[in-house]
Number of protein chains: 2
Amino acid sequence: MSSEDITRVAVSTVILSLKREPGDEHASVVMPLVRRVRDPFEGRWALPGGWLDVHEGLDAAASRTLAETTGLSPSYLEQLYAFGAVDRSPTRVVSIVYWALVRADEVEQAHPQENVAWFDTADLPPLAFDHDEIVGYALWRLRSKVGYSRIAHGLLPGEFTLAELREVYEAIFGRRLDPANFRRQVENSGNLIPTDRFRTGSHRPARLYRYNREVELADRGPLTHGLAPAPLPSESSRS
Amino acid sequence: MSSEDITRVAVSTVILSLKREPGDEHASVVMPLVRRVRDPFEGRWALPGGWLDVHEGLDAAASRTLAETTGLSPSYLEQLYAFGAVDRSPTRVVSIVYWALVRADEVEQAHPQENVAWFDTADLPPLAFDHDEIVGYALWRLRSKVGYSRIAHGLLPGEFTLAELREVYEAIFGRRLDPANFRRQVENSGNLIPTDRFRTGSHRPARLYRYNREVELADRGPLTHGLAPAPLPSESSRS
DNA sequence: ACAAAAGTGTTCTTTCTACACCCATGA
DNA sequence: TCATGGGTGTAGAAAGAACACTTTTGT
């Protein structure tokens, strides 16, 4: 059996976060990429990922590559798509691709890794393999899913103001939203719980909200294995 | 390298169609299953599928297994999910699962295959592997997607009445819909083109409509490779 | 003529949207 | 006190649900 006669399985992850530039109009969606040091597409940027271990589930592999690349645990992790065109790589590779959200404040605290850099998704370099297409699909999925789901909270810390949450939506949608209407929509959705704490510093203090964990249902369907929109249990801590 | 040290890739397909029993209240969603003749779960019913050939794309493999099982070409075919838990099979198998819709009239004309039987999805036997979970997910996806997409047409022939289309929605949702409101909704969606032909036979003749192929966009996102909601090109005819 | 399905109209409710307006704090 | 973002009110538009009503066929 020559090496061209086997199909290998890889797992990659599109990791998304938010970054607000000081003078910018609104925040931008950013993602980490890994510079390839081996032959196919050497020197090009690619999605973080690796080969699937025989004793490792798909979700666990995604969490592992995410931890190896960013040192973070995702606040949201979901399978995106399986890419398996015959000519997408010199050898036959089927890539199970996940996408994940990490909080902006956690990204700032993490220490940078070797050969890893964060890019604005609106200004990406040409990527290795078919990773351009994959990233495009992930961003499309983020935009469409943020409309009917509450994954936007995955980009924020535990407590946040409505203005911060609105800023996330505006960054993803790329347009301004009416603060008054936005408030009502998200308040009536039942996903937010108001705290008695306030964010002070600028003008009138803004009430801090937190995420309602009771309402997890009716979104991802029957596939709710171990993957939770809340911080992952301990899949990446299997030493 | 022993056989336990490799991960194999399989492709399975949840094939869905509609069947209207003579005396029944409304039509039911049906799917073909294959009786296993080999060791793991021998005798149990399972999803149609097979091993991924090294020179075969994922989409092509799904089309192939669909043709082998039913002799039909799908009117809709989409990747569902990749299942890869370590313990889902005695050996390590990652299954890329697709789901497909075939038209009821085509199913009736097709000649039955060996070891293949059609089941009502509301009354399924226990399936092999984790196929129960997979089918449950596919049905959930069908129900949620029929609400904001127009895949329901994939279960009907080229021309159909609004009552027939409504019957599809009622079977999938499992509840009655107001004929008047249903008509307006689907007429205003711009997805249907009225023809000048009518279906006669019962009472007042009903106008026949057909599917508007111009409006394919804004649904499945950037992933519109060769897979089309319209009948597939010739992926399964690669002799 | 009558039953039954096709197709139209009307009303009420809910939701979205635009925008005016008041409130509370830092400077 | 004034600028600014936090927060509330409200009126019109759009969309959805319920249901009465008219039209056209087979029997």
Side-chain angles (χ1 to χ4, degrees), chain A residues 20 22-27 143-144 146-150 152 156-157 159-210 218, chain B residues 20 22-27 143-144 146-150 152 156 159-210 215 218:
Chain A
R20 55 170 304 100
D24 247 6
E25 178 73 5
H26 45 236
R143 272 189 292 268
S144 43
V146 82
Y148 62 89
S149 160
R150 53 195 184 301
L156 291 172
E159 294 188 340
F160 47 86
T161 68
L162 290 186
E164 290 165 349
L165 180 60
R166 177 166 49 86
E167 194 179 20
V168 173
Y169 278 83
E170 289 176 344
I172 294 174
F173 285 141
R175 63 183 175 91
R176 291 241 160 270
L177 299 175
D178 186 314
N181 296 331
F182 180 81
R183 162 182 299 272
R184 270 182 293 252
Q185 282 182 352
V186 61
E187 273 179 344
N188 296 342
S189 73
N191 294 329
L192 292 189
I193 295 180
T195 72
D196 49 0
R197 311 207 319 122
F198 289 82
R199 167 134 320 156
T200 179
S202 53
H203 297 281
R204 171 173 173 178
R207 184 180 292 277
L208 289 172
Y209 289 78
R210 64 183 174 81
Chain B
R20 52 171 305 100
D24 247 5
E25 179 73 5
H26 46 238
R143 272 190 292 269
S144 45
V146 82
Y148 61 90
S149 159
R150 53 194 184 300
L156 291 173
E159 294 188 339
F160 47 87
T161 69
L162 289 185
E164 290 165 350
L165 180 60
R166 177 166 47 86
E167 195 178 20
V168 173
Y169 278 83
E170 289 176 345
I172 294 174
F173 284 140
R175 63 184 174 90
R176 291 240 160 270
L177 300 175
D178 186 314
N181 296 332
F182 180 81
R183 162 183 300 273
R184 269 181 294 252
Q185 281 182 352
V186 63
E187 272 179 345
N188 296 341
S189 73
N191 295 329
L192 292 190
I193 295 180
T195 70
D196 49 0
R197 310 208 318 123
F198 288 82
R199 165 102 65 235
T200 179
S202 53
H203 298 282
R204 171 173 172 177
R207 182 179 295 276
L208 288 173
Y209 289 78
R210 63 184 174 81
V215 201

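From a predicted model like this one, the values you see are computed outputs, not experimental measurements. Note: hydrogens, waters and symmetry copies are ignored here, and every other heavy atom, side chains too, is used. Below, chains carry the letters A, B, ... as their sequence lines are ordered, and counting in each starts from 1.
- When the P atom of dT17(C) is taken as reference, atom CZ of Arg166(A) falls 15 Å away, rounded to whole Å.
- When heavy atoms are screened at a 4.0 angstrom cut-off, Ala163(A) is found touching the sugar-phosphate backbone but no base atom.
- Protein atom CZ of Arg176(B) is 17 Å distant from nucleotide atom C1' of dA18(D), rounded to whole Å.
- Summarising the geometry, the separation between CZ on Arg197(B) and P on dA6(C) is reported as 17 Å, rounded to the nearest angstrom.
- Among pairs with a residue in residues 176-203 of chain B, those fulfilling ring pair (Phe, Tyr, Trp, His ring centres under 6.0 Å) read Tyr169(B)-Phe182(B), at least two apart in sequence or across chains.
- Listed candidates were dA17(D), dA5(C), dT8(C). Nearest to the side chain of Gln185(B) is dA17(D).
- Of the candidates dG7(D), dT25(D), dG7(C), dG7(C) carries the atom nearest the Ala206(B) side chain, counting heavy atoms from C-beta on.
- When heavy atoms are screened at a 4.0 angstrom cut-off, Arg184(B) is found touching base atoms of the nucleic acid.
- Here the closest non-hydrogen pair linking Leu208(A) and Thr195(A) is O-OG1, 2.7 Å.
- Side-chain proximity of Phe198(B) to dA4(C), dG7(C), dG6(D): nearest is dG7(C).
- When the C1' atom of dC19(C) is taken as reference, atom CG of Leu177(A) falls 16 Å away, rounded to whole Å.
- Rounded to whole angstrom, the span from the CG atom of Asp178(B) across to the P atom of dT8(C) amounts to 14 Å.
- We find that CZ of Arg199(A) is positioned 14 Å from C1' of dG6(D), with the value rounded to whole Å.
- With respect to Glu159(B) and Arg210(B), no salt bridge is recorded, no charged nitrogen being found less than 4.0 Å from a carboxylate O.
- Between Leu192(B) and Phe160(B), some side-chain heavy-atom pair lies under the 4.5 Å cut-off.
- Distance Phe182(A) CZ to dC19(C) C1': 18 Å, rounded to the nearest Å.
- No side-chain donor-acceptor contact under 3.5 Å links Arg176(B) to the backbone of Glu170(B).
- Nearest-nucleotide assignment on DNA chain D puts the 5′-proximal partner with Tyr209(A), out of Tyr209(A) and His203(B).
- Positionally, the nearest nucleotide of DNA chain D for Leu162(A) lies more toward the 5' end than for the other of Leu162(A) and Pro205(B).
- The side chain of Arg183(A) approaches dG6(D) more closely than any other nucleotide in the set dT25(D), dG6(D), dT4(D).
- No hydrogens or angles were tested; on distance alone, nothing pairs the side chain of Arg204(B) with the base of dA5(C) as donor and acceptor under 3.5 Å.
- For Asn181(B), the side-chain atoms get nearest to dA17(D) when compared with the rest of dA18(C), dA5(C), dA17(D).
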